[in-house]
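Would you mind keeping the following structure in view while I ask a few things?
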Number of protein chains: 2
Amino acid sequence: MSSEPAPPGFELPLRLLLAFRTIIDELHERIAHEGHPDLRPMHGFVFQAIGPQGTTAVELGRRLGVSKQAAGKTVENLEQLGYVERGSDPADARRKVVRLTDRGVDCLVRSARIFDELRAEWSEALGEEQLRRIEDGLRRLAPGDPFRLDTPRWFGAP
Amino acid sequence: MSSEPAPPGFELPLRLLLAFRTIIDELHERIAHEGHPDLRPMHGFVFQAIGPQGTTAVELGRRLGVSKQAAGKTVENLEQLGYVERGSDPADARRKVVRLTDRGVDCLVRSARIFDELRAEWSEALGEEQLRRIEDGLRRLAPGDPFRLDTPRWFGAP
DNA sequence: CACGATAGACAACCTCATTGACCATATAGA
DNA sequence: TCTATATGGTCAATGAGGTTGTCTATCGTG
C-alpha cells in the first residue's frame with residue numbers, strides 16, 4: 001500500500017501519449033540532422049512495415065491498418081521523396097512490389113540506431129531495471145502487435 | 001545489470017502508443033454504453049481542457065496546441081452535439097465563453113470516473129507499486145504539461 | 001474455360017487541420 | 001481624448017490524409 005494518494009486516472013494516458021511524442025519528435029529531429037529533413041514521423045513506421053524485402057500496397061495497408069488506397073498514396077509520396085521504388089513482380093503481373101531504395105534503407109538503419117540511442121538515454125536516466133519494468137508492464141497491459149498505424153484514422157474517425 | 005539483451009529501441013514508443021490507444025479505446029467503449037455514443041476520443045480531452053469554469057476558443061486553442069480556428073470548429077461540433085454552449089462575457093464584448101452543458105459535465109464526470117476505474121484495473125494487474133513506478137518514470141522522462149492535443153497535426157504535418 | 005478472388009488505379013467525398021484576411025472590441029500612450 | 005496596437009472571433013481557401021465506390025487486369029481453381 002502506498003501512502004500517497006493515487007494520481008487521477010486521466011494522467012496516465014496523457015503521459016503515455018506525451019512520452020510517445022517525446023521519443024518520436026526527438027527521433028525526427030535527429031534524423032533530420034543526418035540528411036533526412038523531409039521525413040515525417042509516420043514514415044519511419046512505414047519503412048519498418050515495408051521491411052528490407054519489400055511488399056505491396058495492399059499488404060502494406062493491411063499491416064498498417066489502413067485502406068489499400070491510402071497505402072498507395074503513402075507509397076506514392078515516399079516514391080517522390082526517393083525513399084521507395086516500385087517494380088513489377090515477374091511471378092505475378094498484378095503485383096507491384098514496393099522496395100526501399102538505398103536512401104530508404106539508410107533511413108531505416110539510422111532510425112533503428114537512433115531509437116536504440118534514445119532507449120539507452122532513457123535507460124541511463126531511469127536505470128535499466130526501471131526501464132525494463134516499464135516495458136514489461138506495457139507489454140502485459142497492451143499486448144499484441146504494436147504495428148498498427150491507423151492512429152490518425154482512429155483519432156479523427158467519426 | 002540485466003542478463004537479458006535489451007529489446008530494440010523502437011519497441012518502447014510503439015508500446016507507449018499502443019497502451020495509450022488501449023486506454024482511450026476502452027474509455028470510449030464504456031462511455032458509449034453510458035449514454036454518450038457519439039463522443040469521440042479527443043472530446044474527453046477537450047472537455048478537460050475546457051474545464052468546469054469555461055474558456056474561450058482562443059484560449060482553448062492555446063491549451064490544445066492548435067489554431068484558434070480549429071478550436072472554434074471543435075467547439076462548434078460539440079455545441080451541435082449538445083455538450084457545450086457559448087455565452088457572451090459581460091466584461092469583455094469580444095470574448096465568447098464556452099461552457100460545458102449539463103450533458104457535458106455529465107460526460108466529464110463519467111470519463112473521469114472511467115479513467116480512474118481503468119487505472120484501478122491496471123493497478124490490480126500490475127500492482128500499485130509497479131504502476132506508480134511507470135507513472136513516475138514517464139513523468140521524469142516526458143515532463144511538462146501533457147495537455148497538448150495537437151497530435152493529429154503533429155502526426156500529419158509537413 | 002469460365003468464374004470468383006485479388007492487385008492496382010482513378011474519382012469523388014469527408015474530416016480536420018492550416019494560413020490569410022477581415023471586423024469588433026479593449027487597452028495603452030501621445 | 002483620440003489614436004495605434006493587440007486581441008477575440010469569423011469567414012474563405014487550401015492541403016493532407018483518410019474513406020468508399022467503381023473499374024480493369026490478372027491469377028487460381030473447379
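Order of the sequence lines sets the chain letters (A, B, ...), proteins ahead of strands, with each chain counted from 1.
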Compare the minimum distances between each of D:dG8, D:dT19, C:dG8 and the side chain of A:Arg95, then state the nucleotide with the smallest one.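 So the side chain of A:Arg95 is nearest to C:dG8.
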Base, sugar-phosphate, or nothing: which does A:Asn77 touch, judged by heavy atoms less than 4.0 Å apart?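 Sugar-phosphate: the residue A:Asn77, judged by heavy atoms under 4.0 Å, touches backbone atoms but no base.
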Roughly how many Å is it from NZ in B:Lys73 to P in D:dG8, rounded to a whole number? 20 Å
Do any side-chain nitrogens or oxygens of B:Ser88 fall under 4.0 Å of OP1 or OP2 in D:dG8? no
Protein-nucleotide distance (A:Glu76, atom CD; C:dA7, atom C1'), rounded to Å: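 Those two atoms, CD and C1', are 16 Å apart.
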Given D:dG9, D:dT26, C:dT25, identify the nucleotide with an atom nearest to the side chain of B:Ala93. C:dT25
Calculate the interatomic distance between A:Asp89 atom CG and C:dT6 atom P; express it in whole Å.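 Rounded to whole Å, this separation is 17 Å.
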B:Arg94 side chain, from C-beta outward: closest of D:dT26, C:dT19, D:dG8: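 Closest nucleotide to the B:Arg94 side chain: D:dG8.
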Identify, between B:Val97 and A:Ala71, the residue whose nearest nucleotide on DNA chain D lies closer to the 5' end. B:Val97
Heavy-atom nearest pair, A:Leu16 first then B:Ala19, reads CD1-CB, 3.8 Å
Output the rounded distance in Å from CG (B:Leu64) to P (C:dT18).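 Taking CG of B:Leu64 and P of C:dT18, I get 10 Å after rounding.
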Shortest side-chain distance from A:Asp92, nucleotide among D:dT19, D:dG8, D:dC27: D:dC27
B:Glu121 bridged to B:Arg30 by N-O distance under 4.0 Å: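 Salt bridge present between B:Glu121 and B:Arg30.
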State plainly whether the residues B:Glu11 and A:Arg139 are in salt-bridge range, i.e. N to O under 4.0 Å.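 A salt bridge links B:Glu11 with A:Arg139.
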A:Asn77 and A:His43 side chains, donor-acceptor separation under 3.5 Å: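 No, A:Asn77 and A:His43 have no side-chain donor paired with an acceptor closer than 3.5 Å.
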The nucleotide from D:dG8, C:dA12, C:dG8 with an atom nearest the side chain of A:Lys96 is C:dG8
So which heavy atom on B:Glu34 is nearest to which on B:Ile114, and how close? OE2-CD1, 4.0 Å
OP1 or OP2 of C:dA7 under 4.0 Å from side-chain N/O of A:Arg62: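 Looking at the OP1 and OP2 atoms of C:dA7, one of them is under 4.0 Å from a side-chain N or O of A:Arg62.
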Examine C:dA9: is either OP1 or OP2 under 4.0 Å from a nitrogen or oxygen in the side chain of A:Arg86? Give yes or no. yes
Considering only nitrogen or oxygen atoms on both sides, find all protein atoms under 3.5 Å from nucleotides 21-24 of chain D and state each distance.
unit_1 : atom_1 : unit_2  : atom_2 : d
D:dG21 : O6     : A:Gln69 : NE2    : 2.5

Please tell me whether B:Glu128 and B:Ser123 have a donor and an acceptor in their side chains that are separated by less than 3.5 angstrom.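 B:Glu128 vs B:Ser123: donor-acceptor pair found between side chains.
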Just how far, in rounded Å, is C1' of C:dA7 from CD of A:Glu59? 12 Å
Base, sugar-phosphate or nothing for A:Ser67? Non-hydrogen atoms, less than 4.0 Å.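 The answer is base, as A:Ser67 lies within the cut-off (heavy atoms under 4.0 Å) of a base atom.
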Is there a side-chain contact between A:Val98 and A:Ile50 in this structure, where contact means two heavy atoms from C-beta onward sitting under 4.5 Å apart? yes
